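Quick caveat, the model's predicted, so the values are computed rather than measured. Computed from heavy atoms alone, side chains included, the values below leave out hydrogens, waters and symmetry copies.
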Amino acid sequence: MVKRKNLIWAAVFAAVIAACLIFIFLTGGRSGENSAEIYENGKLIKTISDLSPDKEYSFEIKTENGTNTITVGDGSIWVSVADCSNQTCVHAGKISHAGQTVICAPHKLVIKIVGETSADAVI
């Protein structure tokens, strides 16, 4: 009787894990639509509401400290080109989940993903 109970609990546990994996696979871990906000020197200058356009596109943000080329596509946003000396923002790569940021400190530029997340924490 005890072995049968353990087998039932193992099957329930496996079904829950399988359902979670299917959800993550189908939704990419996202529970809602995310958007991006771009700040210069703490002031919101642009909002990107659709991170999954039909075509990937880029645009420039020119500040008095320099220029960044921002690229949007496939559910992500990233700094593809920057004329700052350290290139930390370019090396940060693509961001796509709520709470993630890319910062270009020399240009005082911040890109932040806002929206819902299915995770308890974003690292």
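Residue Trp78 shares its hydrophobic cluster (ILVMFWY side chains chained together at separations under 4.5 Å) with no other residue.
In this structure Ser80 satisfies the side chain to side chain donor-acceptor pair (under 3.5 Å) test together with Thr71, sequence neighbours excluded. Every residue was checked against the salt bridge (Lys or Arg N to Asp or Glu O under 4.0 Å) condition with Glu64, not counting sequence neighbours, and none meets it. Residues satisfying the salt bridge (Lys or Arg N to Asp or Glu O under 4.0 Å) test with Lys108, not counting sequence neighbours, are none. Take Val72 and apply the side chain to side chain contact (heavy atoms under 4.5 Å, CB included) test, not counting sequence neighbours, and it matches Ile48, Leu51, Pro53, Tyr57, Phe59, Ile77.
Among residues at least two apart or in separate chains, salt bridge (charged side-chain N to carboxylate O under 4.0 Å, His left out) pairs with a member in residues 52-61 are Glu60-Lys62. Counting only residues at least two apart or in different chains, salt bridge (charged side-chain N to carboxylate O under 4.0 Å, His left out) contacts with residues 35-53 are absent.
Side-chain atoms of Asp74 never come within 3.5 Å of backbone atoms of Ser76 as a donor-acceptor pair (strictly under, hydrogens ignored).
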When you look at Ile70 and Val79, which way does the side-chain contact (heavy atoms from CB on, under 4.5 Å) test go after all the steps? CA-CA 5 Å; Ile70 313 296; Val79 177; 3.8 Å; yes
Could you go through His91 and Asn86, starting from their C-alpha distance and side-chain angles, then the distance that decides it, and tell me whether this counts as side-chain hydrogen bond (donor to acceptor under 3.5 Å, both in side chains)? CA-CA 9 Å; His91 297 300; Asn86 63 15; over 6 Å; no
Test side-chain contact (heavy atoms from CB on, under 4.5 Å) applied to Cys89 and Asn68, step by step: CA-CA 9 Å; Cys89 54; Asn68 293 74; 3.7 Å; yes
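Gln87 and Ala82 get closest at one heavy-atom pair: NE2-O, 2.7 Å. Asn34 and Ile113 make their closest contact through CB-CG2, 3.7 Å (heavy atoms, listed as atom of the first residue, atom of the second, distance).
Note that OG1 of Thr47 is 11.0 Å distant from NZ of Lys112, once rounded to the nearest 0.5 Å. The CD1 atom of Ile61 lies 6.5 Å from the CG atom of Leu109; values are rounded to the nearest 0.5 Å. Note that the CG atom of Asn65 and the NE2 atom of His107 stand 6.5 Å from one another [nearest 0.5 Å].
Put simply, Ile45 and Ile111 are part of the same group of oily side chains (I, L, V, M, F, W, Y) that touch within less than 4.5 Å, one to the next. Ile38 and Val110 are members of different hydrophobic clusters when ILVMFWY side chains are connected at heavy-atom separations under 4.5 Å.
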